[in-house]
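Reviewing the structure listed below.
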Protein chains: 2
Amino acid sequence: MEIDESRPIWAQLVDEFCRRIVSGEWPSGRKLPSVRELALDLGVNPNTVQKALAEVDRRGLTSTERTSGRFVTTDAEAVSAARRAIAAETVDGFAIAVSGIGMSLAEATDLLAGRWRIAVADPAARVDPEPHREPSSRTTNAADSPAQDGRTNQ
Amino acid sequence: MEIDESRPIWAQLVDEFCRRIVSGEWPSGRKLPSVRELALDLGVNPNTVQKALAEVDRRGLTSTERTSGRFVTTDAEAVSAARRAIAAETVDGFAIAVSGIGMSLAEATDLLAGRWRIAVADPAARVDPEPHREPSSRTTNAADSPAQDGRTNQ
DNA sequence: CATACTGTATTACGACAATAATACAGTGGT
DNA sequence: ACCACTGTATTATTGTCGTAATACAGTATG
């Protein structure tokens with residue numbers, strides 16, 4: 001799994017764990033790897049994994065036996081509901097994004113069909129998102145005059 | 001424009017400004033609102049706007065006249081290239097996301113067609129992403145034993 | 001020329017994410 | 001009983017994001 005710096009790691013882990021569950025990668029009833037094992041695999045701190053798993057618990061996709069481990073829920077409906085929710089979120093976000101740059105549904109559908117195979121199969125061929133880099137050498141900088149200026153933030 | 005807490009604000013502003021340019025909302029050659037004005041409109045600190053605009057400059061979509069203001073590039077090819085890049089990123093990301101939860105291209109296309117109109121037109125009907133909330137009452141917590149444990153982070 | 005506007009530069013502070021390093025408690029196998 | 005393993009809890013440190021509050025420099029207009 002890929003982790004980037006654009007969002008809190010624990011939030012990315014929540015998404016990844018949910019994905020593994022709704023995709024069947026972690027089937028219903030299966031015992032999850034331990035907190036420490038997951039942390040090792042993912043290259044993050046166990047604290048971060050724990051935080052993410054607590055949120056997955058909260059969403060009802062996993063539960064913990066306190067000392068014997070953590071397990072995927074056996075409630076199949078909960079899993080499929082989560083899958084539908086994730087799908088809907090993803091689709092809506094995509095629709096908003098592409099319509100926001102002036103694309104039509106037909107354009108979006110065509111582009112999707114054209115890139116599907118390659119994007120899904122060949123990670124190297126993907127167009128990765130702009131990696132969230134600091135704007136060149138500049139610092140931060142901003143305002144000036146004291147009172148009537150653009151400092152109307154919260 | 002909507003700002004959430006899932007990513008640095010300045011990064012969201014970069015995306016938004018690029019979107020306005022490639023969508024034609026800010027046409028080629030047009031003078032951008034001032035840093036302070038944008039900060040006021042968006043409800044953020046001028047520093048944050050400045051940081052975002054510096055990045056948009058770096059990407060070649062805007063340039064600054066230092067004292068007279070900031071302008072959208074007149075290089076039409078740069079704009080359309082940026083639009084293509086954004087579209088490709090968005091489509092690839094979508095393809096990976098939906099295939100990651102086990103959807104086929106046909107399913108994705110159908111779902112997209114079904115949700116297109118409503119997601120684009122009616123913000124209230126959208127399925128919003130999980131709002132990145134702290135996992136209930138729990139703290140953070142994690143590991144234990146000292147040496148041979150999962151603390152193999154960087 | 002003076003004033004208002006533009007972008008740019010600094011420094012400081014509060015909040016939080018991620019890490020680090022322990023510690024505790026309960027279960028299961030030997 | 002012992003020991004390895006599980007989840008959970010605490011405390012401290014570091015870095016960065018967002019904000020705040022100024023300050024400086026150049027242009028344009030009256």
Side-chain angles (χ1 to χ4, degrees), chain A residues 3-14 31-40 42-54 56-57 62-71 132-154, chain B residues 3-14 31-40 42-54 56-57 62-71 132-154:
Chain A
I3 293 175
D4 62 280
E5 314 154 27
S6 72
R7 296 165 54 208
I9 295 177
W10 65 264
Q12 299 181 50
L13 296 186
V14 170
K31 182 177 188 300
L32 270 62
S34 77
V35 170
R36 295 165 178 80
E37 192 175 346
L38 284 171
L40 204 59
L42 296 162
V44 299
N45 193 284
N47 294 324
T48 310
V49 173
Q50 169 62 20
K51 188 169 188 175
L53 287 174
V56 181
D57 279 357
T62 52
S63 57
T64 165
E65 239 51 60
R66 189 75 171 78
T67 59
S68 59
R70 191 177 257 108
F71 300 83
H132 194 244
R133 167 181 48 229
E134 297 295 318
S136 70
S137 59
R138 290 177 181 85
T139 353
T140 302
N141 317 84
D144 183 57
S145 45
Q148 76 290 11
D149 214 19
R151 244 169 281 96
T152 321
N153 319 318
Q154 69 280 36
Chain B
I3 294 175
D4 63 280
E5 314 154 29
S6 72
R7 295 165 56 207
I9 296 177
W10 66 263
Q12 298 182 51
L13 296 185
V14 169
K31 183 178 187 300
L32 270 62
S34 77
V35 170
R36 294 165 178 81
E37 193 174 346
L38 284 170
L40 202 60
L42 296 163
V44 299
N45 192 281
N47 294 323
T48 310
V49 173
Q50 168 63 20
K51 188 168 187 174
L53 287 174
V56 181
D57 279 357
T62 51
S63 56
T64 167
E65 240 48 60
R66 187 74 170 73
T67 60
S68 59
R70 189 178 257 108
F71 300 84
H132 195 241
R133 168 180 49 232
E134 296 295 318
S136 72
S137 59
R138 292 180 180 83
T139 353
T140 303
N141 318 81
D144 181 59
S145 45
Q148 76 292 10
D149 218 18
R151 242 166 285 96
T152 320
N153 321 317
Q154 69 280 44

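In what follows, chains carry the letters A, B, and so on, assigned in the order in which the sequence lines appear, proteins first and then strands, with residues in each chain numbered from 1. Predicted, not measured: the structure shown is a model, and the values here were computed from it.
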Distance col, row B/E37:CD vs B/L42:CG, nearest 0.5 angstrom, shows 10.5 Å
When rounded to whole Å, the CZ to C1' distance for the pair A/R66 and D/dT6 reads 9 Å
Side-chain atoms of B/R36 come closest, of D/dA21, C/dG7, D/dG7, to C/dG7
Whole-Å distance, B/K51 NZ to C/dT10 C1', equals 15 Å
A/Q50 has its side chain closest, among D/dG7, C/dG7, C/dA20, to D/dG7
Quick note, B/T48 side chain, CB onward, closest among C/dT19, D/dT19, C/dG7 is D/dT19
Rounded to whole Å, the CG-P distance (B/L38 to C/dT6) equals 10 Å
In whole angstroms, the gap separating P of C/dT19 from CG of A/L40 amounts to 13 Å
Tabulated below should be each protein N or O lying under 3.5 Å from an N or O of nucleotides 27-30 of chain C; please produce it.
residue	atom	partner	partner atom	Å
C/dT27	O4'	A/T67	OG1	2.8

Closest non-hydrogen contact found for A/V35 with A/R70 is CG2-NH1, 4.1 Å
Only one of B/L13, B/L32, B/T62 passes side-chain contact (heavy atoms from CB on, under 4.5 Å) with B/V56, and that residue is B/T62
From CD of A/E5 across to C1' of C/dT19 the rounded distance in Å is 15 Å
Check: Between B/L38 and B/L53, is any pair of side-chain heavy atoms under 4.5 Å apart?
Finding: yes
To the nearest angstrom, the CZ-P distance between B/F71 and C/dG7 comes to 9 Å
Taken to the nearest 0.5 Å, the spacing of B/R7 CZ from A/D4 CG works out to 9.0 Å
Of D/dT10, D/dT19, D/dG7, the nucleotide closest to the side chain of A/N47 is D/dT10
Of all heavy-atom pairs linking A/P8 and B/S6, the shortest is CD-O, 3.7 Å
Testing D/dG7, D/dT19, C/dG7 for proximity to the side chain of B/R70, the answer is C/dG7
To the nearest angstrom, the CG-P distance between A/L53 and D/dT6 comes to 13 Å
Of the listed D/dG7, D/dC17, C/dA17, the closest approach to the B/P8 side chain comes from D/dC17
Applying side-chain contact (heavy atoms from CB on, under 4.5 Å) to B/S68 and not counting sequence neighbours gives B/E65, B/F71
Picking from D/dG7, C/dG7, C/dA17, the nucleotide nearest the side-chain atoms of B/T64 would be C/dG7
Atom CG of A/N45 and atom P of D/dT11 are separated, to the nearest Å, by 17 Å
